[in-house]
Amino acid sequence: MERILGSIIGGNWDAVCILGPTASGKTKFAVALARALSQGWKKCEILSADSRQVYRGMDIGTGKDLAEYGEIPVHLTDIVAPAGNLTGD
């Protein structure tokens with residue numbers, strides 16, 4: 001984690017993208033990284049790009065770990081009704 005933090009801070013990055021397979025610990029890592037960066041550098045927020053977590057009320061089976069985010073703001077979860085449609089248009 002220290003090497004990653006040093007690389008981000010030293011490179012003055014504006015965004016970090018965390019990718020990986022389902023249930024590989026991406027949320028836990030993203031929250032830990034955001035907390036570490038928020039304490040010593042810049043306040044961080046998380047933008048979720050999960051195609052299923054955008055739907056409101058579909059917490060079971062989509063891996064929404066909303067309680068895990070704690071004080072870290074998270075965006076793009078629970079933004080569309082289940083019968084709704086979300087496009088990139």
Side-chain angles (χ1 to χ4, degrees):
M1 178 70 87
E2 292 299 319
R3 188 170 65 109
I4 293 169
L5 290 172
S7 178
I8 293 169
I9 293 168
N12 201 25
W13 297 359
D14 290 324
V16 175
C17 183
I18 299 170
L19 305 169
T22 301
S24 62
K26 295 179 298 292
T27 298
K28 187 174 187 170
F29 179 74
V31 170
L33 183 61
R35 282 188 179 133
L37 289 170
S38 292
Q39 288 175 352
W41 188 48
K42 294 181 183 178
K43 289 290 181 191
C44 295
E45 299 184 9
I46 294 175
L47 300 175
S48 174
D50 189 287
S51 65
R52 290 164 185 83
Q53 292 184 7
V54 296
Y55 293 103
R56 284 190 295 270
M58 299 183 76
D59 298 347
I60 298 172
T62 61
K64 281 187 204 170
D65 300 318
L66 298 177
E68 193 170 346
Y69 293 106
E71 75 287 359
I72 303 296
V74 61
H75 305 278
L76 303 179
T77 58
D78 292 336
I79 61 172
V80 180
N85 190 16
L86 182 67
T87 67
D89 298 338

Same cluster (ILVMFWY, side-chain, under 4.5 Å), L5 and I72: no

When the side chains of residues 44-52 are checked against the rest of the protein, which donor-acceptor pairs come out under 3.5 Å, sequence neighbours left out?
residue, atom, partner, partner atom, Å
E45, OE1, H75, NE2, 2.5
S48, OG, D50, N, 3.4
D50, OD1, R52, N, 2.8
D50, OD1, Q53, N, 3.1

Donor-acceptor contacts, no H, no angles, side chain residues 24-37, under 3.5 Å, sequence neighbours left out:
residue, atom, partner, partner atom, Å
S24, OG, P21, O, 2.7
K26, NZ, G20, O, 3.3
K26, NZ, P21, O, 2.8
R35, NE, E71, OE1, 3.4
R35, NE, E71, OE2, 2.8
R35, NH2, E71, OE1, 3.3

Verdict with reasoning, V54 to T77, per side-chain contact (heavy atoms from CB on, under 4.5 Å): CA-CA 4 Å; V54 296; T77 58; over 6 Å; no

hydrophobic_cluster_shared for L76 and V80, side chain cutoff 4.5 Å: yes

side-chain hydrogen bond (donor to acceptor under 3.5 Å, both in side chains) contacts in which one or both residues fall within residues 13-22, not counting sequence neighbours: none

Minimum side-chain heavy-atom gap I8-W41 below 4.5 Å: yes

Side chain to side chain contact (heavy atoms under 4.5 Å, CB included) partners of D59, counting only residues at least two apart: K64, D78

